[in-house]
Number of protein chains: 2
Amino acid sequence: MVRARSEERRADILRAALEVIAERGYRGATLGSVAERVGLTQQGLLHYYPTKEALLVAVLEERDRWDTSGGRDREGWRLDLLESLVEYNAMRAGIVQTFSALLGESVTDGHPAREFFTERYAQVRANMADVLRLEFGERLPGGLTPERAAPLLTAVMDGLQYQWLLDPAAVDMPGAFRDFLRLLHGSGGRG
Amino acid sequence: MVRARSEERRADILRAALEVIAERGYRGATLGSVAERVGLTQQGLLHYYPTKEALLVAVLEERDRWDTSGGRDREGWRLDLLESLVEYNAMRAGIVQTFSALLGESVTDGHPAREFFTERYAQVRANMADVLRLEFGERLPGGLTPERAAPLLTAVMDGLQYQWLLDPAAVDMPGAFRDFLRLLHGSGGRG
DNA sequence: CCTCACCTACCTGTAGATCGGTAGGTGACG
DNA sequence: CGTCACCTACCGATCTACAGGTAGGTGAGG
């Protein structure tokens, strides 16, 4: 089973790449350091992924596969599943850090992950709108529509991640996210 | 007026550094490209800022000066001033991009801007809490306190910036921010 | 004439990538 | 069943390109 061995290697490499990118970002990551983690030389790594960018693409594709296999765009999430996702993320700083670092880099000119994130966020917003519609129908507090609230929901998740990564002790990410959901439910009204 | 000339140069360099960091992030930025933009050689630049990190520090310090001169922590903002800030940012993609890129990088291990952002966000949250307290008193919709809502307000601003930078046409940043404020005001209730 | 503002020349390190190999396996065929 | 062609999975050496930083100037102005 040469094939299987090869696939396993590739998976190992992707895992290592995830780690290294989390630690140093894509630009700061080196092929050598990824290779070292899998017990290969840089040249050995290039046998599997011919360029650094190809490796990044593979990482992003795996992310996509992971997201969608979680059921994200098959039949969509529900709000309480989003809550669980945030809780899950709070235990997986590594992955969060990888993609937060990549998102940050991706806004720079000509970054290889830029297109990926642009498309991804369009999709995520559409998804969030569905989730919100499922939960609230057409009308949300503040006179918002699901489409108008979707970018906010997305923004809160991302923004909280940065604050949490910078200072995990100072920010209760899942708690804050629940707070936001409470805000959406409009429960309690005012003072 | 040699002094003045020198200060002017430094200001030019900082401006150029802002630009280059926006385009390529800190790690991707090179001293040479910053220098070129001011009409200097790389070594000429090093005359003013002896290391790359010193240049970054200067950039961050200038940001701090800019923020605080705007009145941020002197006597604090009010919510409607935050709204104007977001509108202002929407016309200054360059600066937003610079600091979004830096924020993203800063979550990676040992990044020179990490401490800056960590402290900064603690301060920003405290500030936001003040703003919210001024506007709402102790009780916000959803039973939130100003302290609990502050990370959310912060997260929304940052998160929207990323979405907007990735696809300005798809996200109306100031509009979305106003939506969030409406949510905070709890106006409209449900249905 | 001395100091500030720069430049030329240069060093060292490192990154991504290419080239040319080698060792081990696999499959076809006489 | 053996051997020859060929493939996979690598490694060592090496190339090219910068990058950041140092050392030692030069020239203009005060």
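Residue numbers begin at 1 in each chain, while the letters A, B, ... track the order of the sequences.
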Could you check how far NZ of B/Lys52 sits from P of D/dT22, rounded to whole Å?
15 Å
Using only side-chain N and O atoms of A/Arg9, determine if any of them is under 4.0 Å from OP1 or OP2 of D/dC10.
yes
Charged N-O contact under 4.0 Å between A/Glu19 and A/Arg37
yes
Test side-chain contact (heavy atoms from CB on, under 4.5 Å) on A/Ile13 and A/Leu40 and set out the steps.
CA-CA 9 Å; A/Ile13 291 171; A/Leu40 279 179; 4.2 Å; yes
Take atom OH of A/Tyr49 and atom P of D/dA9, then tell me their distance rounded to the nearest Å.
12 Å
Can you tell me how the ring of B/Tyr162 sits relative to the ring of A/Tyr162, calling it parallel under 30°, perpendicular over 60° and tilted otherwise?
parallel
Any side-chain donor-acceptor pair under 3.5 Å between B/Gln163 and A/Asp158?
no
Side chains of A/Arg27 and A/Thr108 only: does a donor on one sit below 3.5 Å from an acceptor on the other?
yes
Hey, are A/Glu87 and A/Arg178 close enough for a salt bridge, meaning a charged N less than 4.0 Å from a carboxylate O?
yes
Show each protein N/O and nucleotides 7-10 of chain C N/O combination with a separation under 3.5 Å, one pair to a line.
| from | atom 1 | to | atom 2 | distance (Å) |
| --- | --- | --- | --- | --- |
| C/dC7 | OP2 | B/Thr41 | N | 3.1 |
| C/dC7 | OP2 | B/Thr41 | OG1 | 2.8 |
| C/dA9 | N6 | B/Gln43 | NE2 | 2.8 |

Atom CZ of B/Arg27 and atom C1' of D/dG20 are separated, to the nearest Å, by 15 Å
What is the distance, rounded to the nearest whole Å, between atom NE2 of A/His47 and atom P of D/dG12?
16 Å
Give a yes or no on whether the backbone of B/Ala29 and the side-chain of B/Ser33 come within a donor-acceptor separation of less than 3.5 Å.
no
Applying a 4.0 Å non-hydrogen cut-off, can you work out what A/Ala54 is touching in the nucleic acid: base, sugar-phosphate, or nothing?
nothing
Of all the choices, D/dG21, D/dA19, C/dA17, which nucleotide is nearest to the side chain of B/Thr30 once you look at every atom?
D/dA19
Regarding B/Leu46, tell me which of base, sugar-phosphate or nothing describes its non-hydrogen contacts under 4.0 Å with the strands shown.
base
A/Leu31 CG - D/dG12 C1' separation (whole Å):
17 Å
Pair A/Val59, A/Tyr26 - check side-chain contact (heavy atoms from CB on, under 4.5 Å), show working.
CA-CA 11 Å; A/Val59 164; A/Tyr26 170 68; over 6 Å; no
Within residues 10-26 of chain B, residues whose heavy atoms come under 4.0 Å of DNA chain D:
none
Could you state the CD-C1' distance from B/Glu8 to C/dC4, rounded to the nearest angstrom?
16 Å
State, without any angle test, whether A/Arg133 and A/Thr145 hold a side-chain donor-acceptor pair at a distance under 3.5 Å.
no
